[in-house]
2 protein chains.
Amino acid sequence: MSQHRHPGAPGSAGAVPALPDLPEATVARLPEYLRALHNLADTGHETVSSEGLATAAGVNSAKLRKDLSHLGSYGTRGVGYDVAVLIGQIESVLGLTQNRAVALVGVGNLGHALAGYDGFASRGFRIAALFDADPARVGEEINGLVVRHIDELPRVAAEESIAIGVIATPAAAAQQVADELVAVGVTSILNFAPCVLSVPEGVDVRKVDLAIELQILSFHEHRKASLTGLPATGGSALTALPGGLAATDSQEAIGT
Amino acid sequence: MSQHRHPGAPGSAGAVPALPDLPEATVARLPEYLRALHNLADTGHETVSSEGLATAAGVNSAKLRKDLSHLGSYGTRGVGYDVAVLIGQIESVLGLTQNRAVALVGVGNLGHALAGYDGFASRGFRIAALFDADPARVGEEINGLVVRHIDELPRVAAEESIAIGVIATPAAAAQQVADELVAVGVTSILNFAPCVLSVPEGVDVRKVDLAIELQILSFHEHRKASLTGLPATGGSALTALPGGLAATDSQEAIGT
DNA sequence: CGCGATTTGTGCACGTCTTCACAAGCGCCT
DNA sequence: AGGCGCTTGTGAAGACGTGCACAAATCGCG
């Protein structure tokens with residue numbers, strides 16, 4: 001991931017927004033905390049303890065406290081955290097206060113699903129435009145947005161500053177799309193194509209590969225099977241639990 | 001992450017494939033290597049050096065060598081790795097040699113896309129059944145498979161052993177679906193619903209949350225913006241030219 | 001007004017992962 | 001056969017992340 005440079009002046013005079021320089025692992029967990037906090041807020045909770053929030057987010061409470069302490073958190077000892085304040089803090093740190101425009105390239109199977117996914121809007125992301133290279137798909141309307149040809153990307157980007165590009169094309173097209181996104185000034189890319197993208201310095205790429213996730217699960221499945229004894233294939237339902245083996249602490253944040 | 005218990009008997013009676021006990025980080029990268037290797041095989045390469053494979057997979061070459069060394073790799077010094085052999089090794093370790101049946105629950109927007117995703121089949125995963133709780137969706141045919149009601153899950157699982165369950169339902173339904181999957185013997189779950197699942201020991205859960213990925217990107221975008229934009233605190237020694245700062249090594253494996 | 005219950009924030013130790021650097025091994029060329 | 005260049009495999013060091021355990025801080029109550 002992008003390497004974090006130390007700020008030039010270490011003992012900085014306390015600037016109010018206090019550039020965070022958060023550990024990457026912490027950043028990856030903040031959105032999960034945020035989701036849990038919104039759930040709490042919706043159910044009427046005003047404050048929450050680190051223990052409560054930790055279980056709601058599926059992590060260790062010590063880890064959560066350390067994470068929050070990194071962003072100079074406001075919590076009151078003996079009481080807990082103010083849910084509303086904490087939501088504001090995290091949203092501010094993540095930069096979710098400004099609505100970021102997302103351009104989605106590739107409206108195939110997955111692209112359709114992404115275009116219709118409402119989890120984006122609810123977190124401050126607005127899908128600003130859909131693109132595809134296939135003329136047959138151009139003009140189609142998905143969820144109130146019209147698919148444009150990828151060649152129009154520069155024009156659209158000029159009208160409206162695009163913060164994040166999402167690539168949902170076949171692997172063969174992904175690199176070229178990435179280049180075009182970079183060319184119009186996009187510096188953050190979410191890549192669903194199963195391939196490695198090469199981008200210039202300063203551009204962040206995150207990759208999501210569904211097949212990879214399955215293969216990781218497959219490994220654990222395979223390992224569990226070979227531990228329990230032998231059942232090579234089948235793995236028929238109902239293996240009684242061999243009480244001895246303690247695979248614990250599932251529930252993992254994807255990221256990292 | 002699943003905690004790895006040492007097998008009770010260390011010098012275990014020789015299981016032929018030699019239980020690996022790989023570092024989790026290594027496991028997460030193996031699928032990426034595998035994909036790169038398939039690409040190489042398709043383009044006629046018979047051998048590949050660690051350097052070549054590393055760049056194809058977007059990682060450091062030393063890391064790659066260490067990863068491969070963990071699975072007792074077959075490479076020849078001065079030459080490199082035999083592509084075909086390495087593919088076989090990795091597939092064997094990941095347990096991809098046996099076709100694993102996948103049950104997909106929730107055929108909404110995302111579920112449709114997953115059902116039609118061909119990246120699964122190409123890696124040895126076969127979507128064996130589709131389920132949904134909405135009677136309006138039951139009976140629909142997607143990609144040659146008929147959507148069944150979730151209540152039929154036990155019957156289907158009895159006929160055909162399901163290795164992995166994929167949850168693509170709304171968050172509100174996810175926990176119940178997970179419980180039902182666990183009840184029929186599924187021990188590996190891929191969860192796309194934005195919520196924390198609680199499962200018994202021995203069940204592995206991996207979570208993919210598209211909104212979280214965007215929020216992580218948003219953070220980096222936010223940070224980049226606040227670096228170039230305002231010089232932050234009054235640190236007399238201003239940060240030197242932005243050109244100097246080396247944000248390197250983007251292109252990150254999703255996992256961890 | 002002070003005390004105890006509760007919860008945060010964090011120093012410290014430990015485990016995991018990464019990266020460097022280099023010896024050992026292999027093939028090829030002379 | 002011998003040497004040379006190339007590549008793997010790995011020891012060691014350092015960076016990073018995690019979790020324990022406890023002091024500091026705050027509230028409520030007698």
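Letters A, B, ... are given to chains in the order of the sequence lines, protein chains preceding strands, and every chain is numbered from 1. These numbers were taken from a predicted model, which means no experiment stands behind them.
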Rounding to a whole Å, what distance do you find between [X]:[atom1] and [N]:[atom2]?
| X | N | atom1 | atom2 | value |
| --- | --- | --- | --- | --- |
| B:D67 | C:dT16 | CG | C1' | 13 Å |
| A:L22 | D:dC16 | CG | P | 14 Å |
| B:R29 | C:dT16 | CZ | C1' | 11 Å |
| A:K63 | D:dC16 | NZ | P | 17 Å |
| A:L64 | D:dC20 | CG | P | 14 Å |

Practice item. Name all residues meeting the ring pair (Phe, Tyr, Trp, His ring centres under 6.0 Å) criterion together with A:Y117; count only those two or more places apart in sequence or in a different chain, and write none if there are none. Key: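 Checked A:Y117 against ring pair (Phe, Tyr, Trp, His ring centres under 6.0 Å); matches are A:F120.
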Review point. Just by distance, with hydrogens left out, do B:E91 and B:T97 show a side-chain donor and acceptor under 3.5 Å apart?
Key: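 Looking only at side-chain atoms, B:T97 and B:E91 do not form any donor-acceptor pair under 3.5 Å.
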**Study point:** Summary of side chain to side chain donor-acceptor pair (under 3.5 Å) pairs that have at least one residue in residues 170-179 of chain A, sequence neighbours excluded
**Key:**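 Found A:Q175-A:D179, A:Q176-A:E180.
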Practice item. Could you tell me which residues satisfy side-chain hydrogen bond (donor to acceptor under 3.5 Å, both in side chains) with A:E46, sequence neighbours excluded, listed by chain and number? Key: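 Listed in chain order: nothing, the list is empty.
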Practice item. Indicate whether OP1 or OP2 belonging to C:dC17 is found under 4.0 Å from a side-chain N or O atom of B:N60. Key: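 No, no such contact exists.
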**Study point:** A:S92 side-chain N/O to A:G88 backbone N/O, donor-acceptor pair under 3.5 Å
**Key:**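 Side chain of A:S92 to backbone of A:G88, a donor-acceptor pair under 3.5 Å: no, none is there.
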Exercise for review: Not counting sequence neighbours, list each pair that qualifies as a salt bridge (Lys or Arg N to Asp or Glu O under 4.0 Å) and has a residue in residues 65-82 of chain B.
Suggested key: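 Counting only pairs at least two positions apart or across chains, the salt bridge (Lys or Arg N to Asp or Glu O under 4.0 Å) contacts touching residues 65-82 of chain B are B:R29-B:D67.
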Practice item. Pull out every residue in residues 35-47 of chain B that has a heavy atom closer than 4.0 Å to any atom of DNA chain C, ordered by number, or say none. Key: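 Those residues whose heavy atoms fall under 4.0 Å from DNA chain C, taken from residues 35-47 of chain B, amount to none.
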Point to revise | Separation of B:K207 NZ from B:I212 CD1 (nearest 0.5 Å) | key: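 The distance works out to 4.0 Å.
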**Study point:** Spacing of B:H45 atom NE2 and B:L37 atom CG [to the nearest 0.5 Å]
**Key:**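 If we round to the nearest 0.5 Å, B:H45:NE2 and B:L37:CG are 11.5 Å apart.
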Using a cutoff of under 3.5 Å, can you pull out all pairs of nitrogen or oxygen atoms linking the protein to nucleotides 4-10 of chain C, with atom names and distances?
unit_1	atom_1	unit_2	atom_2	d
C:dT7	O4'	A:G78	N	3.1
C:dT7	O2	A:G78	N	3.4
C:dT8	OP1	A:S50	N	2.4
C:dT8	OP2	A:S50	OG	2.6
C:dT8	O2	A:R77	NH1	3.1
C:dG9	OP1	A:S73	O	3.4
C:dG9	OP1	A:G75	N	3.4
C:dG9	OP2	A:Y81	OH	2.5
C:dG9	O4'	A:R77	NH2	3.0
C:dG9	N7	A:R65	NE	2.9
C:dG9	O6	A:R65	NH2	3.3

